[in-house]
Amino acid sequence: MSRYTAADIEPKWQTAWDEAGIFTAQRDPNRPKYYVLEMFPYPSGRIHMGHVRNYTMGDVIARYKSSCGFSVLHPMGWDAFGMPAENAAMAQGGHPGTWTYDNIKTMKGQMRPLGLSIDWSREFATCDPEYYGQQQAMFIDFMERGLVYRKNATVNWDPVDMTVLANEQVIDGCGWRSGAPVERRDLTQWFFKISDYSGELLDALDGLDNWPEKVRTMQANWIGRSQGLQFSFERTDGGESIEVYTTRPDTLLGASFVGISPDHPISKALEADNPEVAAKIAEMRKGGTTEEAIETAEKLGYDTGIRVKHPLDPNWELPVWIANFILMDYGTGAIFACPAHDQRDLDFCRKYDLPVKDTFLSLDDPKPVENEAFVPPKTEKVKWLDHFAGLDEATGEEAVEATVKFAEDADWGTGVEKFRLRDWGLSRQRYWGCPIPVVHCDDCGVVPEKKENLPVKLPFDEGGNPIDFSIPGNPLDRNPDWRACDCPSCGKPAQRETDTMDTFVDSSWYYARFTSPGATTPTDAEEAAYWMNVDQYIGGIEHAILHLLYSRFFARAMNICGHLPEKAREPFNALFTQGMVTHAIYKNAERTDENGRAIYHYPEDVEERDGVMVVKETGEKVKVIPSAKMSKSKNNVVDPVNIIDAFGADTARWFVLSDSPPERDVEWTASGAEAAAKHLSRVYATAAKIAEMDDADGNDEDLIRATHKAIHDVTMGIESFGFNAAIAKLYAFQNAISKSKAGGKAQKEAMRVMAQLMSPMTPHLSEEIWSMLGGAGLVAQADWPKADEAMLAEDSVTLPIQINGKRRAEISVPKDMDKAEVEKLALAEDAVIRALDGKAPKKVIVVPGRIVNVVV
RNA sequence: GCCCAAGUGGCGGAAUGGUAGACGCAGGGGAUUCAAAAUCCCCCGAUGGUAACAUCGUGUGAGUUCGAGUCUCACCUUGGGCACCA
């Protein structure tokens with residue numbers, strides 16, 4: 001009997017699939033379509049287990065849907081622009097493009113052996129000029145429709161390298177290369193008007209029934225609709241009054257000061273003619289631009305000396321402070337602070353010795369605020385102190401509503417709806433991205449490039465020499481040859497825009513491009529109409545907010561510009577977010593490297609001695625940190641290529657699906673991979689044995705039942721993304737077959753079903769078994785088996801009997817036995833009689849087919 | 001700091017509010033073998049008990065329910081995101 005050797009089987013069937021061309025997506029009017037998409041990879045250089053897990057899940061769905069009769073689109077491409085390519089060019093010389101395309105080639109070579117049912121004819125990389133040229137065309141369309149504009153925005157500025165830094169390049173508030181403390185600086189940048197769609201993007205979340213609740217909540221919070229009051233504080237010096245927005249107008253009598261952002265026009269004006277203010281503001285601008293950096297930074301303030309009148313009492317003057325925690329991007333960039341009911345305001349007031357005044361107290365525990373702000377949920381009833389709108393006991397919600405009405409009636413404020421969502425800043429001062437296709441003309445201003453001149457390609461030289469990426473700054477900025485162009489409007493000499501687009505732009509519409517990757521317009525209407533939407537999108541939870549929100553916005557913008565049909569405004573019908581593949585980290589517990597950084601060891605370099613993990617070579621103790629995200633810097637990456645070489649692709653696929661629920665992280669373990677390999681061998685051996693049996697009938701009933709149960713359970717498992725559960729059922733089915741005493745005919749049928757049920761997960765082995773047992777054609781093209789409902793029902797059931805909710809006995813009864821009859825049987829049980837001790841039960845609950853609970 | 005999750009045996013995990021621990025790993029015992037590898041069979045939450053069985057048990061503490069791993073609240077721990085990483 002031959003043994004299971006993946007190395008022979010896998011290439012053979014891959015060739016068979018390619019020759020049959022079964023993965024090439026075809027528009028077929030006679031079949032329903034199904035579009036499966038996994039978030040496309042960044043070409044970092046090697047595939048990792050996370051990729052294997054992601055693409056295997058998509059492949060299971062794609063193959064399953066194909067078997068169910070759908071015309072499937074399952075494409076793959078490369079999210080190919082981005083910083084790592086530029087960093088590589090900076091570190092090793094060469095060009096980011098060369099690095100990127102080499103990586104794509106390597107990674108594709110590593111992915112092909114996985115046997116994924118991908119239509120490679122649709123492959124593209126976002127750095128292909130054919131792709132980003134269409135993106136530029138859309139940018140121009142968006143400009144025409146007012147979806148793009150320019151304004152000032154804050155960036156991380158490295159004062160030594162004189163360059164803009166990504167958040168990732170800011171480490172502990174300092175530039176990653178220069179080590180200099182980072183400053184915040186304003187630049188004129190390009191923005192997409194995503195905020196125009198805040199309400200729609202929020203409301204439409206309700207329709208996304210097949211998205212994880214978690215993702216919808218995160219997006220809803222991110223968009224952040226709030227109802228509040230906008231009003232202005234009149235200045236005592238007669239200057240322009242200060243407009244503020246607040247979600248808690250009901251606490252207006254607790255106002256302590258008016259705070260403005262360091263970027264507020266008033267701050268800027270003061271900064272310009274007062275060096276002291278300028279110095280203070282410079283201090284506040286230190287540190288990164290991330291919300292986290294701003295929120296956790298020490299509260300800094302500066303009293304401008306400006307005073308404003310309280311809207312409810314013209315004799316009450318409030319000071320105006322510049323405060324570093326106020327964002328210019330949200331609301332009006334100015335607030336009134338109510339320290340009693342906001343921790344941030346309270347911290348600030350305690351630091352600068354500003355008054356703290358309670359406006360309401362807890363009903364349970366009415367005591368004044370000390371150093372902890374009283375911030376109850378808005379639905380909690382509180383006791384108001386002398387409220388201007390006449391409130392006594394009311395919830396925050398009621399109070400806000402009453403106050404807004406009060407202010408509107410008195411005509412000093414307006415109730416407004418605001419969103420937290422900011423416009424999408426897409427400008428990047430970097431080379432390796434899609435050039436923004438506009439031209440700066442002295443006469444005409446900012447003019448879009450003519451569409452016939454697209455793509456605006458990235459230059460590959462500067463002044464005739466290869467670009468030197470080791471010089472800090474944007475290589476496009478210092479490339480006069482490339483910048484020089486003719487104004488598309490007046491024809492006079494002009495300059496190209498040197499900003500490139502955020503890579504999120506590239507990934508915001510690739511799903512649409514896959515429907516017609518060769519089109520000379522961004523999409524082809526007929527293809528998009530057929531293939532959109534993505535029926536199942538699969539990717540990491542880390543993309544829950546930005547990528548998915550930007551894509552939802554882009555789909556709407558593309559629809560407006562005629563690039564996508566109306567139905568595609570929500571482009572992803574169903575979303576699944578999978579967990580990461582993790583692996584233990586082995587951290588040296590005895591020493592660090594010369595820079596004081598932790599040393600990590602490869603799994604193969606450590607071993608267990610006397611119950612402790614040590615480094616094999618040196619015997620140094622090792623701290624084991626379980627379940628950490630695989631990361632090169634931590635030396636805990638398991639290379640799928642090694643696993644495929646050792647065990648085959650089917651084993652790798654089986655393992656990444658088997659151990660953990662798909663949405664949770666999976667810990668890579670060597671023993672888990674071996675177990676998967678063992679199981680597949682066992683299935684193969686069983687199939688080989690059954691193939692040699694004759695076609696006699698026998699005691700077939702149990703096996704046939706088991707077969708239908710397996711069909712039912714595995715189908716349910718795949719449909720519900722319970723791949724691990726589906727695999728557990730396949731283990732059980734394998735045990736049932738190998739123990740079966742049924743005749744050859746039934747065993748062969750069971751094994752063919754096994755091949756079909758396994759084929760989405762282990763397609764190569766399944767083909768082998770299918771052909772071994774005389775299955776017709778390719779199992780990849782066979783129709784998915786259907787479970788016979790009649791074979792699923794058991795005739796009798798075992799009912800557990802609980803006494804006061806604890807299981808104490810069980811009875812076996814016919815499936816459809818009458819409730820009263822069941823109760824009688826249950827009460828006749830010894831354990832029940834003992835527990836009742838002659839008394840009548842207080843209550844008997846019979847859940848048919850489930851359980852009996854006797855309350856004594 | 002803010003937003004969102006997750007926590008079940010030695011380990012990964014299963015469980016429409018209804019028998020907690022399916023399935024797998026590790027471990028133990030046995031069969032086969034000259035021996036081993038491979039394979040096959042059995043056991044395997046904790047405590048007590050020869051056993052039947054009893055008691056306890058799903059991060060912690062309360063609550064709802066005839067019944068809670070599952071629902072509610074609070075807390076603890078871990079993970080993801082926080083707008084220029086992709």
Side-chain angles (χ1 to χ4, degrees), chain A residues 3 39-42 44 79 81-84 153 155-156 164-170 189 194 212-215 217-222 224 288-297 325 329 343-344 347 420-430 502-504 506-507 540-547 549-550 577 579-580 582 626-629 658-661 663-667 669 671-672 674-676 678-679 681-682 685 722 724-725 727-732 735 738 798-810 841-845 847 849-855:
Chain A
R3 284 189 38 222
M39 291 180 186
F40 65 165
Y42 178 78
S44 57
D79 188 13
F81 275 134
M83 289 208 309
V155 293
N156 298 305
V164 178
L165 297 177
N167 283 336
E168 191 189 50
Q169 297 171 317
V170 179
Q189 308 212 62
I194 189 171
E213 186 63 45
K214 165 160 76 158
V215 174
T217 315
M218 285 166 87
Q219 292 221 348
N221 289 334
W222 186 260
T289 59
T290 65
E291 197 168 306
E292 186 192 2
I294 292 165
E295 289 282 332
T296 53
F325 60 85
D329 294 314
Q343 190 61 44
R344 207 164 47 177
D347 293 345
R420 204 184 76 101
L421 180 66
R422 312 204 291 258
D423 276 331
W424 172 9
L426 69 115
S427 282
R428 297 292 180 271
Q429 293 71 42
R430 265 179 273 283
D502 178 6
T503 56
F504 273 123
D506 312 335
S507 55
I541 184 68
E542 66 274 19
H543 293 293
I545 298 175
L546 293 180
H547 162 62
L549 191 62
Y550 291 156
T577 51
M580 296 177 300
T582 63
S627 291
K629 182 175 179 172
S658 67
D659 246 26
S660 286
E663 68 277 13
R664 247 192 268 176
D665 293 352
V666 62
E667 166 110 24
T669 57
S671 59
E674 277 162 30
K678 253 185 223 177
H679 175 74
S681 298
R682 214 161 8 216
N724 57 325
I727 282 182
K729 304 293 186 188
L730 285 167
Y731 271 100
N735 290 340
S738 67
T798 305
L799 285 188
I801 298 180
Q802 294 183 330
I803 294 165
N804 292 339
K806 299 245 180 221
R807 195 186 78 94
R808 286 293 181 268
E810 58 184 39
K842 275 193 191 142
K843 201 170 180 183
V844 180
I845 292 133
V847 185
R850 278 277 169 205
I851 205 161
V852 180
N853 191 15
V854 181
V855 185

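Numbered from 1 within each chain, the chains take letters A, B, ... in sequence-line order.
Counting any heavy atom pair closer than 4.0 Å across all strands shown, A:G425 reaches sugar-phosphate atoms only and no base atom. Using a 4.0 Å heavy-atom cutoff across all strands shown, A:G672 reaches no nucleic acid atom at all. Residue A:F504 is classed as a base contact, given a heavy-atom separation below 4.0 Å to a base. When heavy atoms are screened at a 4.0 angstrom cut-off, A:V854 is found touching no nucleic acid atom at all. Using a 4.0 Å heavy-atom criterion, one finds that A:M83 contacts the sugar-phosphate atoms exclusively. Contacts of A:Q343 with the nucleic acid, taken as non-hydrogen atoms under 4.0 Å apart, are absent. Across all strands shown, A:T503 has heavy atoms under 4.0 Å from sugar-phosphate atoms exclusively, and none from any base. In this structure, A:W424 reaches neither bases nor backbone, as no heavy-atom distance under 4.0 Å exists between it and the strands shown.
For the P atoms, the distance linking B:rC73 with B:rA22 amounts to 31 Å, nearest Å. Nucleotides B:rG49 and B:rC56 place their C1' atoms 15 Å apart, quoted to the nearest Å. Only the P atoms considered, B:rG10 is 29 Å distant from B:rA5, to the nearest whole Å. The same atom, C1', is picked in B:rA46 and in B:rU58; the two are 14 Å apart, to the nearest Å.
Of the two residues near RNA chain B, A:D423 and A:P41, the one whose nearest nucleotide lies more 5' is A:D423.
Closest approach of A:H547 to A:S507, counting heavy atoms only: CE1-O, 3.0 Å.
Stems are defined here as 3 or more consecutive Watson-Crick or G-U wobble pairs with pairing distances under 3.5 Å; those involving RNA chain B are B:1-7 with B:76-82, B:10-12 with B:23-25, B:27-31 with B:39-43, B:45-48 with B:53-56, B:59-63 with B:71-75.
Considering only side-chain atoms of A:Y550, the nucleotide from B:rG24, B:rA83, B:rC66 that sits closest is B:rA83. Picking from B:rA83, B:rA86, B:rC66 the nucleotide with the shortest atom distance to the side chain of A:K843 gives B:rC66. Listed candidates were B:rC4, B:rA86, B:rC84. Nearest to the side chain of A:H543 is B:rA86.
B:rC84 atom P lies 12 Å from atom CD1 of A:I294, rounded to whole Å. Between A:E542 atom CD and B:rC85 atom C1' the separation is 11 Å, expressed in whole Å. In this structure, A:L549 places its CG atom 16 Å from P of B:rG81, rounding to the nearest Å.
Every residue two or more places apart in sequence or in another chain was checked for a salt bridge (Lys or Arg N to Asp or Glu O under 4.0 Å) with A:R682, and none qualifies. Qualifying side-chain hydrogen bond (donor to acceptor under 3.5 Å, both in side chains) partners for A:N724, counting only residues two or more places apart in sequence or in other chains: none. By the salt bridge (Lys or Arg N to Asp or Glu O under 4.0 Å) test, A:R422 pairs with A:D329, sequence neighbours left out.
A close approach under 4.0 Å does not occur between any side-chain nitrogen or oxygen of A:S658 and OP1 or OP2 of B:rG24. When the side-chain nitrogen and oxygen atoms of A:R808 are compared with OP1 and OP2 of B:rU55, one or more of them lie within a distance under 4.0 Å. Contact check, A:R428 against B:rC84: a side-chain N or O comes under 4.0 Å of OP1 or OP2.
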Expected rows: protein N/O vs nucleotides 15-23 of chain B N/O, under 3.5 Å:
| residue | atom | partner | partner atom | Å |
| --- | --- | --- | --- | --- |
| B:rU16 | O4 | A:R850 | NE | 2.6 |
| B:rU16 | O4 | A:R850 | NH2 | 3.3 |
| B:rG18 | N2 | A:Q802 | OE1 | 3.4 |
| B:rG18 | N2 | A:N853 | ND2 | 3.4 |

Report each atom pair, protein N/O against N/O of nucleotides 39-45 of chain B, whose distance is under 3.5 angstrom.
none

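The base of B:rC3 lies outside donor-acceptor range of the side chain of A:Q219, with no N or O pair under 3.5 Å.
The pair A:R420-A:E291 meets the salt-bridge criterion, since a charged nitrogen lies less than 4.0 angstrom from a carboxylate oxygen.
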